[in-house]
Amino acid sequence: MGSTIFAEMSALAVATGSVNLGQGFPDTDGPREVAEAAAAAILEGRGNQYPPGPGIPELRQAVAAHQRRFYGLGFDPDTEVLVTAGATEAVAAALFALVEPGDEVIAFEPYYDSYAACIALAGGIRVPVTLRAPDFRPDLDALRAAVTPRTRLILLNSPHNPTGSVFSRAELTAIAELARERDLLVISDEVYEHMVYAGEHVPIGSLPGMRERTVSISSAGKTFSFTGWKVGWVTASAELVAAVRAVKQFLTFVNSGPFQYAIAEALRMPDAYFAGIGAGLRAKRDLLCGGLAEAGFLVYPPEGTYFVTTDIRGLGDASGVEFCRDLPHQAGVVAIPNAVFYDDPEAGRTQVRFAFCKRPEVLADALARLEKWALRR
Ligand SMILES: Cc1ncc(COP(=O)(O)O)c(C=O)c1O
């Protein structure tokens, strides 16, 4: 239901002239010099024809350098890095490569909507472990209980969309121990790695014994605010990368030629750029969280990502789905019901997600509308 609700809500935003805090994309583009690097690549004829299957060497080297700079992880750019059409293709290709029909895949719900679709396309069986309000911590006992002899892998996402939870080193260590003990692979979707406001982002692949069983995924769309370019990547052992590459070859073959040159440059930006991502978003998070609380939402302040999950129980009896269908008409603001990210319809029934990757004036406009609406109610 995830993608259908995004389409429905975006259409509703246009029809009602609402401020759209539904879908998660920034309303300002990333650094100008990166856009110029892409334009230069196109005009200079770099990447306009099919780039190499694994991605251009410059980008693979830059991804490897990024993993070393931020996490001290060493990857061979030639065999252990793969460029993909966004993180979405990376997740799909990894699942198709590693899951056989009937294999069980454990994922923490609520989950990013492509997970359920791709597990199903791979013929896998989705086994949800629920992250519960108010703090959305991974329930390690429930995780352990979810593992069966048919479990093939754990699909992780931290920082987590939509709850904003950032799994701690201790939680990831426990998950890693379980993976080793039960011989499971891990697909780790880390697209929000540079958007952390509390705690730290720990790649599970950096924990002892995890390098050889983890497929790590990230994306330039999030880190550099160019979601339309669809440049993502996988880092993993040569064996796992080869398996994912074999699938990618028959999904898109190659992608985003000139943009790969631009992102290779972007990844080399100074530390200050990366630190600035979180700093800029933290102010927006605080602005939106404060305003939503004033309007009567129960706010679960996120530790990471650019989403905030709220609870609407204090605002009436409606379910999140009903509430989100009504809100554009009543208040002129669009949000997304978290229920669409759950298998368990009760778990997220009254949760609603707002995106704060928008200009401060857009957030202020949304909050002014919500404030007026709250006073009228
Ligand atoms: C958890 C998660 N994974 C992957 C993606 C998709 O990334 P990309 O645009 O690079 O395909 C998103 C985008 O919203 C996401 O939230």
Side-chain angles (χ1 to χ4, degrees), residues 2-3 5-7 9-10 20-27 29-30 34 55 59 63 66 81-96 105 107-119 128 131 136 138 154-167 186-196 201 203-204 215-235 244 247-248 251-252 255-256 259-260 262-263 266-267 277 281 302-309 335-336 338 340-342 353-358:
S3 330
I5 200 94
F6 287 123
M9 289 299 155
S10 292
N20 190 350
L21 303 185
Q23 212 169 352
F25 59 86
D27 62 356
D29 289 346
V34 179
L59 179 53
V63 168
H66 171 278
V81 179
L82 172 69
V83 176
T84 56
T88 307
E89 187 194 35
V91 169
L95 286 168
F96 299 165
V105 176
F108 289 96
E109 68 169 357
Y111 21 61
Y112 179 58
D113 58 346
S114 82
Y115 294 180
C118 288
I119 294 168
L131 300 175
F136 302 108
I154 301 173
L155 176 51
L156 269 192
N157 169 221
S158 176
H160 182 260
N161 171 13
T163 67
S165 178
V166 176
F167 290 13
V186 173
I187 299 177
S188 180
D189 178 344
E190 302 174 19
V191 297
Y192 299 104
E193 61 186 321
H194 291 292
M195 297 169 191
V196 174
H201 172 63
I204 193 165
V215 176
S216 300
I217 292 170
S218 196
S219 167
K222 306 293 172 186
T223 298
F224 301 109
S225 294
F226 286 114
T227 57
W229 292 6
K230 296 300 280 189
V231 178
W233 51 83
V234 164
T235 48
V244 180
V247 175
K248 188 218 155 67
L251 288 177
T252 56
N255 60 282
S256 316
F259 299 123
Q260 292 194 27
I263 297 302
L267 281 166
I277 304 172
L281 280 168
E303 299 170 318
T305 78
Y306 44 47
F307 301 107
V308 52
T309 286
I336 296 289
N338 281 22
V340 301
F341 304 123
Y342 282 90
R353 186 195 81 176
F354 294 84
F356 54 86
C357 46
K358 309 291 175 186

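Since we're looking at a predicted model, the values are computed, not measured. Indexing begins at 1, ligand by ligand and atom by atom, following the structure's order.
Within the 4.5 Å cutoff, the side chain of V191 has no heavy atoms near those of the N161 side chain. Between M195 and I277 the shortest side-chain heavy-atom distance falls below 4.5 Å. In this structure the side chain of W233 reaches within 4.5 angstrom of the side chain of I263, judged on heavy atoms.
The shortest heavy-atom distance from E89 to ligand 1 is not under 4.0 Å. The shell of residues lying under 4.0 angstrom from ligand 1, judged by heavy atoms, includes Y192. At least one heavy atom of N157 sits under 4.0 Å from some atom of ligand 1. Not a single heavy atom of H160 sits closer than 4.0 Å to an atom of ligand 1.
Every atom of ligand 1 is numbered from 1 in the order shown, and the set under 4.0 Å from a heavy atom of S219 is 8 (P), 10 (O).
Remark: side-chain polar atoms of T305 are not paired, donor with acceptor, to backbone N or O of Y192 under 3.5 angstrom. Listed for the N338 side chain is no donor-acceptor partner under 3.5 Å among the backbone atoms of T309. Without hydrogens or angle criteria, K358 side chain to F25 main chain gives a donor-acceptor distance under 3.5 Å.
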Practice problem: Mind running side chain to side chain contact (heavy atoms under 4.5 Å, CB included) on S158 and V166 for me, showing each step along the way? | Solution: CA-CA 5 Å; S158 176; V166 176; 4.1 Å; yes
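The heavy atom nearest to atom 14 (O) of ligand 1, out of those in K230, Q23, K222, is found in K222. With distances taken over non-hydrogen atoms, the option nearest atom 3 (N) of ligand 1 out of T88, D189, V191 is D189.
Of the protein's non-hydrogen atoms, the one nearest atom 7 (O) of ligand 1 is A87 CB, 3.5 Å.
For T227, no nitrogen or oxygen atom sits less than 3.5 Å from a nitrogen or oxygen atom of ligand 1, counting backbone and side chain alike. Taking any N or O of Y115, backbone or side chain, none lies under 3.5 Å from an N or O belonging to ligand 1.
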